Each structure stands twice: as structure tokens, then as C-alpha cells.
Amino acid sequence: MIARIRQLSPAIFQAADPRLLLLARLFVRDSDLLPSIDPAAKDAFVYRDEAAVDGAVTTAEDLVGVGLLERRFFDAVAACPHCACSARLVVRELCASCGSPHVTEQAVLHHLSCAYQGPESDFRQETGGLICPKCRQALTFFSLDYDRPGSLYICHACGHSSGDIRIELLCLNCGASIAAGDMSRRDFYRYSLTDAARALVISPAPKLPPSSPDEGMIGAVRAFADRLSSRGAVGCILKVRLHEPPGTPPAGRSWQQTWSFFRSLLRECFVQDTEIVEELPVFLVMIESDAKRDVERALPEISSRLERHLSLAPSVEYAVLTCAEFLALAAANSNAQAPR
């Protein structure tokens, strides 16, 4: 470590930029930015380097974008979709009929002679032996007198018995009950120095490349407007916003599958080279060669094609805008949210 410290550019020791500090730290320690398990952490994993470089993971993502760090998948955890993806979850088995957790699993016994099947408790005697409740014959030898073809769950609250059980997760952070199909997922990554990063921290005057500007939807609309203007073409924007049904967690798996399927349907509605920008739960479709009034006339057909296949029915808002209208609304919203 001392040898690597001596290799660092003197300018590093005067730097206040967290990006340079993180690169220098990883270089000196000759290690990756790694998550580690922490049972006390809400996310189950922590990045220890956060203690030295505040916002280390956010900084690392920025450095990935400029080619100074390489990101690789490390691990994933099930997470609560209600409270910022807490991983403090407990698996619960509930009655498929009434939802009570007071259930037990019992083996199903099959009397080979009379073909009666039932839970083991119907056969078991106080003495410990097995008697068929149908024909009252003693069952002595497994595979000769009886077998065990499966098991079932018996609810002590409502008496329901079934081979099915409902699996839910209880979040210890917020107390929410989460259906298995609605849980979220949190991915964790490891970040490694690239050769360019190693060369940067030992160069006489280390200079970070500028971050790639991320203007999102506004930048995409401006670029689309410029293309239309340069070609003298007409065009408009179809804005689509999805709202999850009441009681559906927006970070849950079922909702993620819904908007992913919706995205596929949306792309199938338009020609292949149509640009679609998304910042969930909003999609912008850049439609070239069609005027606003033409798309408005086709909107009922578009909405029918998009929504008729969705089993988890969201509320969907549609708006057809010109580029100027979209940018004017974006500017008005930005001014309204600016601090006064």
C-alpha cells in the first residue's frame, strides 16, 4: 500500500472531487468496490467504502459512465416493494382459504387394500399405531399396507385442507405483507478499476473526463424537434403514462412485468425505427410524418391494442403533443418546482 501511495499523483492529495478520491482509494488498496453482508442493514448488503467516500456507489456509477470503472453483477436479494426495497423479509406460509398462518403440513397416507386416502392424523392412534379410518384395518408395513403419495396443509383456524399453500413475505421494516409475485428485487454490483483509471491516478495532472449529460426526455424531444426541422417534416409526440391499480406496489414484480409487457406492446404498435423514450411510468413515442390531429384520430385504436391484453389492468393516460407543446409544459413544470 505504501508503494502504491508513492505512485499517486501529488495533485490527488489536494483533490476534493469524490470521484478522484474513490479512484485513489481503490488503487491504493488494490481492491474493488465490493458489497458485504450486514444483517443490521436494511438492504442486507453495505459498501464499506461509503464510510470514507460519501455516496461511493453513486460516484462509482458516474465513473462507469466515463470508462474509469467496470461494473459486474455481484448478488441480488428479494426486497419489499413498499418501503424503499428493504431486504428484511420473513417468509410466511398461510392458509390458501382464510390466510391464517396457523397451518401444519401432514403426510397423506394411502391404504393400498381399500384405497382410502387421508391425512396421517386420521390414521394415527394414541398408541402410535396406524388404523385405517375406513375399514379399521391396521397398517403395519410401509409399501405393503400403505404408502405416502404426498402431503397437504391443514388450517387450524378454518379447517381447510389442501395441497396448496399461500406464500407471503412479511417486511420487518414496514410491516407490509407481500405476495410472492409482488416482491421486488435489489441487485448489487462490484466495481473494478480500468487501465485508464490506473493511468489517471498516477499521471502528473489527473483530469477527469466530463460526465455524459443526461437530459432524459427533454433532451430526446429537443433532438427530435431538430430532426423534424432539418428535414422539413411534420411529427408529434404520444405521451403515455401508466398508473398502477390500487393496492399494487409500484416496485413489485407483478407491476414490473406489466409495464415491461406494455413496453413490448407499445413498440409493436409503431414502425421499427420509431424512437420511444421511457422514464417509468411515462413513455414518449416520437412519431414522424404524422400530424397531431392524425394521431389523435387513431388514439382509440392504439389504446385498445395496448390495453386489451393486460391482466393487471392499469389506468393509462394518453396525450398527443407537438414538440413545442411538450417543451413548454416541461419548462412550466420546472419553473413551478423551482425554489422561491
Side-chain angles (χ1 to χ4, degrees), residues 1 4-5 12 15-94 99 101 165-194 197 201 208 211 214 216 244 247-260 279-281:
M1 289 180 69
R4 287 189 291 273
I5 288 174
I12 294 285
D17 190 325
R19 296 176 298 168
L20 274 177
L21 296 177
L22 179 60
L23 292 176
R25 177 179 175 84
L26 298 180
F27 176 80
V28 168
R29 296 167 68 90
D30 194 26
S31 67
D32 294 346
L33 177 60
L34 278 172
S36 57
I37 294 176
D38 183 349
K42 184 181 75 171
D43 298 333
F45 283 92
V46 296
Y47 289 85
R48 304 293 180 189
D49 293 274
E50 292 268 6
V53 182
D54 190 32
V57 177
T58 302
T59 301
E61 287 290 336
D62 186 30
L63 292 167
V64 169
V66 294
L68 295 176
L69 287 181
E70 178 187 3
R71 187 180 76 167
R72 288 175 290 164
F73 177 80
F74 183 80
D75 208 338
V77 296
C80 175
H82 296 282
C83 65
C85 294
S86 166
R88 297 171 178 164
L89 303 176
V90 174
V91 178
R92 306 175 76 211
E93 295 182 332
L94 307 178
I165 192 77
R166 195 165 90 210
I167 303 296
E168 286 191 358
L169 297 95
L170 174 66
C171 177
L172 301 183
N173 191 62
C174 70
S177 292
I178 309 152
D182 277 336
M183 71 177 184
S184 185
R185 170 186 162 116
R186 177 80 187 277
D187 291 340
F188 293 88
Y189 301 91
R190 65 186 299 163
Y191 301 86
S192 308
L193 290 172
T194 63
V201 295
L208 288 164
S211 300
D214 181 17
E244 64 274 10
T248 302
R253 181 177 296 169
S254 59
W255 179 241
Q256 292 172 351
Q257 290 171 344
T258 295
W259 58 250
S260 178
E279 287 182 6
L280 295 173

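Keep in mind it's a predicted model, so treat the numbers as computed, not measured.
For the pair R29 and R4, the minimum side-chain heavy-atom distance is 4.5 Å or more. Using a 4.5 Å heavy-atom cutoff, the side chains of E244 and T258 are not in contact. Side-chain contact between L23 and L208 is present, with at least one heavy-atom pair separated by less than 4.5 Å.
Taking OG of S184 as the start and CZ of R253 as the end, the distance is 8.5 Å to the nearest 0.5 Å. From L22, atom CG reaches atom CD of E50 across 9.0 Å, with rounding to the nearest 0.5 Å. One finds the CG atom of L172 at 7.5 Å from the OG atom of S86 (value rounded to the nearest 0.5 Å). Here R186 contributes atom CZ and D75 contributes atom CG; the two are 12.0 Å apart, rounded to the nearest 0.5 Å. A distance of 9.5 Å separates CD1 of I12 from CZ of F27, quoted to the nearest 0.5 Å. Residue Y191 holds its OH atom at 3.5 Å from CD of E61, rounded to the nearest 0.5 Å.
When all heavy atoms of N173 and C83 are compared, the pair lying nearest together is ND2-SG, 3.4 Å. Between V53 and P18, the shortest heavy-atom contact is CG1-O, 3.9 Å. Considering all non-hydrogen atoms of both residues, L20 and A15 come closest at CD1-CB, 3.9 Å. Closest non-hydrogen pair, A24 versus V201, comes out as N-CG1, 4.1 Å. Across every non-hydrogen atom of L33 and L26, the tightest pair is N-CD2, 3.8 Å. Between R71 and Y189 the shortest heavy-atom distance is CG-CB, 3.5 Å.
The backbone N or O of I178 lies less than 3.5 Å from no partner atom in the side chain of E168, so there is not a single donor-acceptor pair. With hydrogens and angles disregarded, no donor-acceptor distance shorter than 3.5 Å links the side chain of D32 to the backbone of L34. At least one donor-acceptor pair under 3.5 Å links the side chain of T194 to the backbone N or O of L68. For the pair T59 (side chain) and G55 (backbone), a donor-acceptor distance under 3.5 Å is present. Proximity of a side-chain donor or acceptor of D43 to a complementary backbone N or O of F45 within less than 3.5 Å is not detected.
Between F188 and Y47, the two ring planes are tilted [angle within 30° to 60°].
Within the structure, salt bridge (Lys or Arg N to Asp or Glu O under 4.0 Å) pairs that include any residue of residues 77-94 do not occur (at least two apart or interchain).
Within a 6.0 Å radius of CG in D54, other residues, nucleotides and ligands contribute 12 heavy atoms or fewer.
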Go through L193 and L69 one step at a time and tell me if the side chain to side chain contact (heavy atoms under 4.5 Å, CB included) criterion holds.
CA-CA 5 Å; L193 290 172; L69 287 181; 3.7 Å; yes

Decide side chain to side chain contact (heavy atoms under 4.5 Å, CB included) for L280 and Q256; before the verdict, give the C-alpha distance in whole Å, the side-chain angles of both, and the deciding distance to 0.1 Å.
CA-CA 10 Å; L280 295 173; Q256 292 172 351; over 6 Å; no

